[in-house]
There are 2 protein chains.
Amino acid sequence: MSDGAGKEIEQLIALMAKLPGLGPRSARRAVLTMIKKRRLLLDPLAQAMTEVAATARECVECGNIGTSDLCDICTSPKRDQTILCIVEDVSDLWAMERAQVFSGRYHVLGGVLSALDGIGPDELKLPKLETRVAQGQIKEAILALGATVDGQTTAHYLADRLEPLGITVTTLAQGVPVGGELDYLDDGTISAALRARKSL
Amino acid sequence: MSDGAGKEIEQLIALMAKLPGLGPRSARRAVLTMIKKRRLLLDPLAQAMTEVAATARECVECGNIGTSDLCDICTSPKRDQTILCIVEDVSDLWAMERAQVFSGRYHVLGGVLSALDGIGPDELKLPKLETRVAQGQIKEAILALGATVDGQTTAHYLADRLEPLGITVTTLAQGVPVGGELDYLDDGTISAALRARKSL
């Protein structure tokens, strides 16, 4: 289907439409906005994308995505090397970083165990994780995996693998989310929050 | 707010978040998807965007956005030079082209008259329109403007300006949209459809 905009522009629209959260209509709108705001959007975007395409890579240590072989977190002397936070995906790592409450380092698994999707331990970045733990600096591994069946299965599997290496394995607390109203919470969350109740 | 992803990637996320239809969260997701699908998305997108940034420009004749001084529509010998379709914006031109029912040429006004927004005739591309009509080839001008108050005001203003030049001025029909159910239509549309009723 032709827009009458020339093939370079239609190619750009087709590519933008493949991004998550965008469809053909919003991709057209985005591209039109870019072209109209050339100095503010199109030129800087083209440059930023070319730079990222040239430099973005996976950190060889933790699996984070950055612009050098070792990511900013792994090379920062300010980060605590004795605590390791294990996450499913890079997006989870970024979410933890935005919360600004964790000062240790990370390990990105690249997925969680899933019988349905056929993801077993060999599909996850476990050998590298065990190598890092075996180096002896890490004292605690925090399992920051989703509170889903697959996430919790993976957490238990990881605890079984990591505890024999002599480190403490902890997991994120489950309970009422901040700002949450009891009336709108599911039974499982209320039940978990009740079981993990604390004295004030 | 830092994601821990390196400043080039965060810069790209910040720019993507400025596009219409995307916010900080969906921009992060889009950039992460791009980086993971480097060959399929990031590399072609960077290249397409650089090409568009270098070549995209407004057609000097009609105001469409294309990749040369005269757009594909204005240079095509297949397009009828006697019919001109007048639209508010490039996105409207693209919408007309996707419908594949119009074989004439276009003129993009770049807006509609609006007392509220302070847009008068001087803000629209009227001199160029009158020059094109005065050249004598155009026999009919179709006003394909939105069925809004401003759109209709502009349509009447344009009819007053163009009819003295000796051409036929028409406008898109108003009525029940294809697939529309009466129950869900607003009063104005039903009223317009009734007034413009036709014999079967």
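This one's a predicted model, so the numbers in the text were calculated from it and none came from an experiment. Just so it is clear, the values below take in all heavy atoms, side chains as well, and ignore hydrogens, waters and symmetry mates. Throughout, protein chains are lettered first and strands after them, A, B, ... in sequence-line order, and every chain is numbered starting at 1.
Only the side chain of B:Ile73 comes within contact range of chain A, with at least one heavy atom under 4.5 Å from a heavy atom of that chain. For chain B, the nearby part of A:Arg38 is the side chain; its heavy atoms alone come within less than 4.5 Å. Contact annotation for B:Lys36: only side-chain heavy atoms (C-beta onward) come within less than 4.5 Å of a heavy atom of chain A. For B:Ile35, the part lying under 4.5 angstrom from a heavy atom of chain A is the side chain only. Looking at B:Leu40, the atoms closer than 4.5 Å to chain A (heavy atoms on both sides) all sit in the backbone: N, CA, C or O. Proximity to chain B (any heavy atom under 4.5 Å) is restricted, for A:Glu51, to the side chain, taken from C-beta onward.
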Test side-chain contact (heavy atoms from CB on, under 4.5 Å) applied to B:Leu42 and B:Lys37, step by step: CA-CA 7 Å; B:Leu42 183 56; B:Lys37 299 188 177 170; over 6 Å; no
Salt bridge (charged side-chain N to carboxylate O under 4.0 Å, His left out) assessment of B:Glu10 paired with A:Arg98: CA-CA 12 Å; B:Glu10 278 171 30; A:Arg98 285 197 303 280; over 6 Å; no
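Between the side chains of B:Glu8 and A:Thr55, no donor-acceptor pair of N or O atoms lies under 3.5 Å. In this structure, a donor-acceptor pair under 3.5 Å is present between the side chains of A:Ser191 and A:Arg195. Looking only at atom types and distance, the side chain of A:Ser91 has a donor-acceptor partner in the side chain of A:Asp89 under 3.5 Å away.
Distance check, rounded to the nearest 0.5 Å: OG of A:Ser103 to CD of A:Gln81 gives 11.5 Å.
Your options are B:Thr50, B:Asp72, B:Thr67, and the one with the most heavy-atom pairs under 4.5 Å with chain A is B:Thr67. Options A:Gly6, A:Ser68, A:Pro20 differ in how many heavy-atom pairs under 4.5 Å they form with chain B, and the most are formed by A:Pro20. Options A:Leu45, A:Asn64, A:Thr33 differ in how many heavy-atom pairs under 4.5 Å they form with chain B, and the most are formed by A:Leu45. Counting heavy-atom pairs closer than 4.5 Å to chain A, the top residue among B:Ala54, B:Pro44, B:Ser26, B:Gly21 is B:Pro44. Annotation: maximal heavy-atom pairing with chain B below 4.5 Å, among A:Met34, A:Arg57, A:Gln47, A:Met96, occurs at A:Met34. Heavy-atom pairs under 4.5 Å with chain B peak, among A:Ser76, A:Ala56, A:Ala48, at A:Ala56. For chain B, the option among A:Ala95, A:Gly66, A:Cys71 with the highest count of heavy-atom pairs below 4.5 Å is A:Gly66. Between chain A and the options B:Gln11, B:Lys18, B:Glu58, B:Met16, the largest number of non-hydrogen pairs under 4.5 Å is found for B:Met16.
In terms of modelled atom types and a separation under 3.5 Å, the side chain of B:Arg105 and the main chain of B:Cys74 share a donor-acceptor contact.
Counted within 6.0 Å of CG on B:Asp186, heavy atoms from surrounding residues, nucleotides or ligands total more than 12; the atom is thus considered enclosed. Remark: B:Lys139 NZ is loosely packed, at most 12 non-hydrogen atoms of other residues, nucleotides or ligands lying under 6.0 Å away.
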